[in-house]
Amino acid sequence: MDVKTDKTIAEYFNENKKLEVQDNRPGKKIKIAILSNFTTKGIPEILNVKCNEQGIFSKIYNADYDQYSQEILNQNSKLYQFNPDLTILIIDLQKILGENFFFPYRLKKEERQKLINEKFREIANLINILSEKLNGKIVINNFLVPTYSPFGILENKTDYGFFEMIKSLNEKLGKKYLQNPKVWVFDFDSFASKHGKINIINSKMSYLAEIRIDMNLISKLCDEYIGYIKPFLSIIKKCLVLDLDNTLWGGIIGEDGVGGIKLGPDTPEGRAFVEFQKHILSLYEKGLILAINSKNNPGDALKVLKEHPNQILKQEHFASIKINWNDKISNMKEIADEINIGLDTFVFFDDDPVNREMVRKSLPEIFVPELPPDPSSYIFALQRLNEFNTLTITEEDKKKGELFTSQRKRKLFLESSSDLSQFLKDLDMSVEISKANQFTIPRIFQLIHKTNQFNMTTKRYSEEETKKFCNDKDHIVFCARVKDKFGDNGITCLVIIQKNQKNWKIDTFLLSCRIIGREIEKAILSFLIEQAKKEGIENIIGEFIPSDRNVPAKDFYKDNNFILESTNQGNQIWSLNIENINYKCPEFIKLNFIEN
Amino acid sequence: MDIEEKLKEIFAKVLSIKKSSVSDKSSMNNTSQWDSFNHLLLINEIEKEFGIEIKSSDINSIRDFASLKSAVENSLKK
């Protein structure tokens with residue numbers, strides 16, 4: 001997980017044994033199937049332990065040796081009975097190429113191309129069948145591009161040579177599943193390069209037991225799979241909290257001053273910090289939230305952020321800035337409140353091991369990786385984290401930083417307003433509602449999984465299920481973009497309606513937390529009523545399923561004159577007869593329906 | 001720690017058995033947990049711990065503690 005030494009294989013096996021007797025563990029559940037054409041013993045055991053380390057309760061089915069095709073093709077196979085949430089397909093190249101692996105040059109160029117096309121079609125066919133039969137995700141390892149060719153230095157001068165054959169197979173695989181949300185091609189070739197291809201196959205173990213990945217690298221391979229498993233289960237770190245002194249620059253600003261800290265091309269340390277900042281900025285640009293938690297005089301530290309010519313991360317990149325002499329623990333809690341996300345989505349970087357340990361002990365939900373003592377290795381520590389993976393990157397994600405800056409401005413504006421209704425009027429809000437389409441689906445899917453507070457039913461649909469709702473005639477999916485005078489909040493509201501002749505049932509109604517408290521939900525409700533009336537609907541039914549996070553939503557139906565029809569184990573059904581109703585959109589909100 | 005001690009530690013860890021139960025007489029035939037896969041794990045850990053390589057041709061023939069010990073000692077002498 002961090003720069004400490006990994007467990008030994010024996011230790012993993014022992015831990016796994018203890019886990020296997022536990023029938024019921026807390027945490028998110030996942031069923032994983034592993035299919036391969038070689039001996040994969042070791043992978044399920046180690047993966048199970050690593051899932052447990054992340055608070056995930058995994059059940060793993062390791063298919064019998066070299067049965068991957070049979071398991072996929074046989075409709076009644078144990079694989080389909082197991083019905084995994086994730087299938088990992090690990091195919092060894094040498095075995096599927098057979099003699100052609102040793103004698104690629106017995107084939108002419110066209111024959112080599114034909115061979116690769118054939119192999120690609122076989123694999124794609126298997127994946128298609130798997131994908132149709134199972135709802136879960138599929139991760140397939142791509143193929144190791146060999147490092148040895150009998151042609152030696154001529155290999156690279158050969159048109160569609162041995163290496164190129166395999167590269168093209170990988171390329172076809174990658175291209176085919178580029179847009180497919182279910183199938184993920186794991187770059188095993190890149191993984192092998194990272195650890196040294198000469199270390200990947202232990203020929204002794206391979207000949208003895210058909211173990212085609214060195215046992216010593218299985219743990220690292222499982223780390224990579226965890227990189228997929230976590231975002232599949234929506235376990236995502238969203239915020240990187242940073243210390244300043246000796247973390248973002250060399251030295252202590254309070255003592256060394258702006259001119260004395262090491263940040264820039266003049267010193268080796270300074271160069272390391274600049275590149276470290278650049279790597280963090282690139283993560284910001286894909287949607288990672290940044291915050292500062294530093295013990296300093298605000299004036300001193302902010303001066304660097306505002307004025308230092310080599311400072312890459314500026315004030316506007318940070319969603320929350322806590323530079324003070326308070327303890328770092330209360331700062332963390334304030335940051336979480338301010339940004340309105342859980343502490344369990346935080347990662348904290350601090351050069352001081354005492355601070356790291358203190359945060360780990362007091363706030364165990366925060367992930368605090370070890371930092372190496374030499375700042376030149378900080379980048380390595382950042383890159384090996386594998387904690388910030390998401391399943392999509394939307395335009396909203398990329399603009400997240402701007403969002404926080406405009407949020408800060410809104411907050412200041414609210415604080416300076418004397419009364420709420422005036423504040424709401426002056427915000428100049430507009431809500432644009434439209435039906436979901438292929439462009440908005442990724443964002444909608446994000447909302448379905450991220451929204452906890454103003455969420456009536458907290459139903460977490462998969463991407464496929466979401467698409468189905470958008471396309472079928474018994475459902476309507478509305479999404480809304482909310483703008484105000486400070487900027488565009490993006491698509492921040494979602495309603496999924498299940499309709500029949502007389503009624504519309506609200507299956508999902510959620511608002512992103514950043515737009516709560518402005519009566520936007522009333523604007524949306526007024527729109528729903530208007531639309532429903534146009535279609536001759538008599539009643540709107542609303543469901544409320546309580547969760548530990550959605551208290552802000554619990555009175556919505558009550559406050560809007562719905563009648564409680566039934567309660568079942570806490571779940572409520574409310575209904576509103578709309579035939580003679582006159583429900584107006586709040587005056588200070590401009591509502592538009594964009595028909596597409 | 002001498003070779004025998006280290007080896008017993010590895011056995012105890014890999015096979016999840018008590019160090020005290022490991023002796024020269026321990027073999028694949030009489031030690032529970034010492035199956036063919038754990039045998040490979042043992043070899044793997046032994047090679048790592050002592051920085052040696054045990055030949056594949058030897059791996060299947062050394063199936064008791066005493067012969068493993070000699071294999072390690074021979075490798076280290078070289």
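What you see is a predicted model, and the numbers here were worked out from it, not measured in a lab.
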Ring pair (Phe, Tyr, Trp, His ring centres under 6.0 Å) partners for B:F65, two or more places apart: B:F11

CG on A:L208 to CZ on B:F37, rounded to 0.5 Å: 12.0 Å

Where B:L40 and A:M215 come nearest, the two heavy atoms and their spacing: O-CE, 3.8 Å

Chain A contact via B:I10 - which portion, at a heavy-atom distance below 4.5 Å: neither

side-chain contact (heavy atoms from CB on, under 4.5 Å) partners for A:N24, two or more places apart: A:K29, A:F57

Partners meeting ring pair (Phe, Tyr, Trp, His ring centres under 6.0 Å) with A:Y148 (sequence neighbours left out): none

Trace of the side-chain contact (heavy atoms from CB on, under 4.5 Å) decision for A:F13 with B:L15: CA-CA 9 Å; A:F13 269 65; B:L15 303 181; over 6 Å; no

Dump the table of donor-acceptor contacts under 3.5 Å between chain A and chain B, or return none if there are none.
unit_1 : atom_1 : unit_2 : atom_2 : d
A:N14  : OD1    : B:S16  : OG     : 2.3
A:N14  : ND2    : B:K13  : O      : 3.0
A:N14  : ND2    : B:S16  : OG     : 3.3
A:K204 : NZ     : B:E47  : OE2    : 2.4
A:K204 : NZ     : B:E53  : OE1    : 3.3
A:K204 : NZ     : B:I54  : O      : 2.6
A:N216 : OD1    : B:N44  : ND2    : 3.2
A:N216 : OD1    : B:K48  : NZ     : 3.0
A:N216 : ND2    : B:N44  : OD1    : 3.4

